[in-house]
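Values reported hereafter were calculated over all heavy atoms of this structure, with side chains retained and with hydrogens, waters and symmetry mates removed. Protein chains get the first letters and strands the later ones, always in sequence-line order, with residue 1 at the start of each.
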Number of protein chains: 2
Amino acid sequence: MRTNLMNHQVEDQMLLISQLYPSLCTPQLVPGEGETKPRRRRKKNKGEITDVGTRKRKLSAKQVDLLELNFGSEHKLVSERKDRLASELGLDPRQVAVWFQNRRARWKNKKLEEEYSKLKTAHESVVVEKCRLETEVHLLLYLLLLLTFLNICGKICSLRVCVSLILSFVLKTSLSLN
Amino acid sequence: MRTNLMNHQVEDQMLLISQLYPSLCTPQLVPGEGETKPRRRRKKNKGEITDVGTRKRKLSAKQVDLLELNFGSEHKLVSERKDRLASELGLDPRQVAVWFQNRRARWKNKKLEEEYSKLKTAHESVVVEKCRLETEVHLLLYLLLLLTFLNICGKICSLRVCVSLILSFVLKTSLSLN
DNA sequence: AACTAATGAGCCGTAACAAG
DNA sequence: CTTGTTACGGCTCATTAGTT
């Protein structure tokens with residue numbers, strides 16, 4: 001709750017104040033008075049010296065709105081539209097052109113930022129999927145190993161069965177021969 | 001930042017400004033009476049673009065070099081160093097502070113760009129690896145299928161061998177019994 | 001001690017300009 | 001026009017210092 005509440009409409013009042021009490025705006029230039037205690041309660045309007053020279057450096061919200069509207073429909077600016085806008089807004093055509101230039105630059109930067117965040121999310125999702133695939137590969141390798149092992153075991157068992165069968169056959173025949 | 005304040009004063013303060021920063025004072029600021037909005041150094045359409053002596057809007061290469069040197073050693077700026085730099089460069093301390101602020105902003109943007117390109121390369125490599133893993137998964141699935149098939153075939157063959165063995169055994173015994 | 005206003009410094013957004 | 005640079009206004013935060 002400070003001077004930041006004083007916005008566009010208050011500027012004129014501040015201007016009036018600064019005109020009525022010009023000494024308030026230049027306290028540092030005359031610091032020799034009242035050195036005893038009154039250090040506090042210096043003019044609080046120090047931040048916005050909306051003097052005659054500095055008036056309206058920033059465009060008003062209404063002007064910006066209209067400019068944004070026009071920018072939304074078309075980023076480029078032909079001189080015809082520029083002049084029309086300038087007269088509508090009460091601005092210098094040069095100011096309108098500069099505003100559009102800066103706006104385009106800002107838009108470009110914002111675009112880049114968007115690209116960055118998009119790329120970031122895409123990257124993260126791809127990383128997640130890569131991890132998933134890695135675990136899948138590990139699982140599949142394990143399965144492959146297991147299956148091979150089982151295959152070998154099966155072969156061994158089959159071999160054992162065959163061997164036992166052959167042995168029993170041989171035994172039986174030798175016994176029967178005896 | 002009292003000088004910042006004085007920058008916003010009315011015409012009677014302009015004398016002070018010009019005394020403090022004669023090289024920076026733009027002459028069109030002094031007669032700032034009829035200008036409604038555009039207060040700032042504005043004179044591009046005036047005939048006296050050629051008074052280079054009073055202009056000096058851009059810092060000289062030498063000044064920028066020294067500033068860059070100092071920025072390289074330390075991005076932050078304590079008031080002591082700021083004042084020293086300002087006196088060394090013949091600049092307003094406010095200008096030095098502003099320059100460092102802008103330089104930090106530029107550095108930040110550059111950093112972001114670097115981050116972007118780094119992220120991009122990382123993203124691309126991860127995408128490549130993901131594709132590799134996908135083909136690997138496909139290959140492993142194929143191998144798994146093949147091995148399972150071979151396993152089944154092997155079992156069938158083993159079964160056939162066993163059956164033939166058993167059959168021959170039965171035949172032999174029956175023959176020997178006969 | 002708690003409260004509160006003033007102040008200083010930093011960051012952000014942006015106007016204006018300059019150079020290319 | 002685009003890109004880069006200088007400067008300013010507004011905001012936040014931490015610190016300081018007068019008031020209660």
Side-chain angles (χ1 to χ4, degrees), chain A residues 1-8 10-11 14 24 27-28 34-51 53-61 63-64 67-68 75-79 82 91-92 94-110 112-113, chain B residues 1-8 17 21 24-26 28-29 35 37-46 49 52 55-61 63-64 67-68 75-82 91-110 113:
Chain A
M1 292 300 261
R2 289 189 4 174
T3 59
N4 42 15
L5 283 186
M6 310 182 175
N7 273 338
H8 313 297
V10 205
E11 280 184 359
M14 299 313 300
L24 290 177
Q28 283 86 356
E35 296 264 344
T36 55
K37 275 291 186 85
R39 238 209 69 124
R40 215 177 154 208
R41 302 293 124 86
R42 309 162 171 139
K43 71 302 125 196
K44 25 174 42 174
N45 55 345
K46 151 207 179 192
E48 45 241 289
I49 309 99
T50 57
D51 275 308
T54 56
R55 263 171 105 91
K56 291 260 191 193
R57 205 186 93 81
K58 286 189 80 83
L59 307 179
S60 71
Q63 290 172 324
V64 170
L67 285 166
E68 287 286 354
H75 291 191
K76 291 289 179 180
L77 190 64
V78 286
S79 51
K82 175 174 67 179
L91 292 176
D92 186 354
R94 159 80 181 167
Q95 276 180 295
V96 178
V98 164
W99 188 91
F100 264 75
Q101 286 169 12
N102 287 318
R103 188 66 181 78
R104 277 191 294 267
R106 259 173 271 150
W107 186 77
K108 193 174 177 183
N109 283 338
K110 184 158 269 178
L112 196 89
E113 257 182 52
Chain B
M1 283 317 136
R2 1 178 332 181
T3 57
N4 181 19
L5 284 179
M6 290 157 57
N7 254 346
H8 302 322
I17 293 178
Y21 331 113
L24 289 164
C25 181
T26 56
Q28 58 280 9
L29 286 183
E35 308 219 339
K37 312 272 170 68
R39 168 236 119 106
R40 215 148 149 231
R41 63 247 150 183
R42 156 109 110 187
K43 80 184 266 250
K44 57 112 202 179
N45 44 1
K46 299 296 161 273
I49 315 170
V52 196
R55 217 29 235 236
K56 205 74 164 179
R57 206 184 106 76
K58 287 187 80 77
L59 305 180
S60 71
Q63 289 171 325
V64 170
L67 285 167
E68 285 286 354
H75 291 191
K76 289 290 178 179
L77 191 63
V78 285
S79 47
E80 172 206 342
R81 203 158 67 108
K82 176 174 67 178
L91 291 176
D92 181 3
R94 158 82 181 169
Q95 275 180 296
V96 179
V98 165
W99 188 91
F100 263 74
Q101 281 176 18
N102 289 319
R103 189 65 182 79
R104 276 191 294 265
R106 254 173 277 152
W107 186 78
K108 194 176 174 183
N109 282 338
K110 185 157 268 177
E113 259 182 51

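- Here the closest heavy-atom approach between residue Lys76(A) and residue Arg104(A) is recorded as CA-NH1, 3.8 Å.
- Smallest separation of non-hydrogen atoms from Trp107(B) and His75(B): CE2-CE1, 3.3 Å.
- With sequence neighbours excluded, no residue forms a side-chain hydrogen bond (donor to acceptor under 3.5 Å, both in side chains) with Gln101(B).
- Across all non-hydrogen atoms, the minimal contact from Lys82(B) to Ala97(B) is CD-CB, 3.8 Å.
- The side chain of Lys76(A) has dT2(D) as its nearest neighbour among dT2(D), dC12(C), dT3(D).
- The NZ-P distance, from Lys108(A) to dT3(D), rounds to 3 Å in whole Å.
- Proximity of Gln95(B) to the phosphate of dT6(D): no side-chain N or O atom is located under 4.0 Å from OP1 or OP2.
- Atom CG in Leu112(A) sits roughly 15 Å away from atom C1' in dT2(D) (whole-Å rounding).
- For Arg94(A), whose side chain is taken as the heavy atoms from C-beta onward, the closest listed nucleotide among dA9(C), dC17(C), dT3(D) is dC17(C).
- Atoms CD (Glu113(B)) and P (dT3(D)) sit 11 Å apart, rounded to a whole Å.
- With rounding to whole Å, Trp107(B) atom CH2 is found 11 Å from dC11(C) atom P.
- Sorted by residue number, the members of residues 98-106 of chain A with any non-hydrogen atom under 4.0 Å from DNA chain C read Val98(A), Trp99(A), Asn102(A), Arg106(A).
- Separation of atoms CD (Gln63(A)) and NZ (Lys58(A)) is listed at 12.0 Å; rounding is to 0.5 Å.
- Note that CG of Asn102(A) and CD of Gln95(A) are 11.5 Å apart. Values are rounded to the nearest 0.5 Å.
- Here the P atom of nucleotide dC12(C) and the NZ atom of Lys110(A) are 14 Å apart, to the nearest Å.
- OP1 or OP2 of dG4(D) has not a single side-chain nitrogen or oxygen of Lys58(B) nearer than 4.0 Å.
- In this structure, the CD atom of Glu68(B) is 13 Å from the C1' atom of dG4(D), given to the nearest Å.
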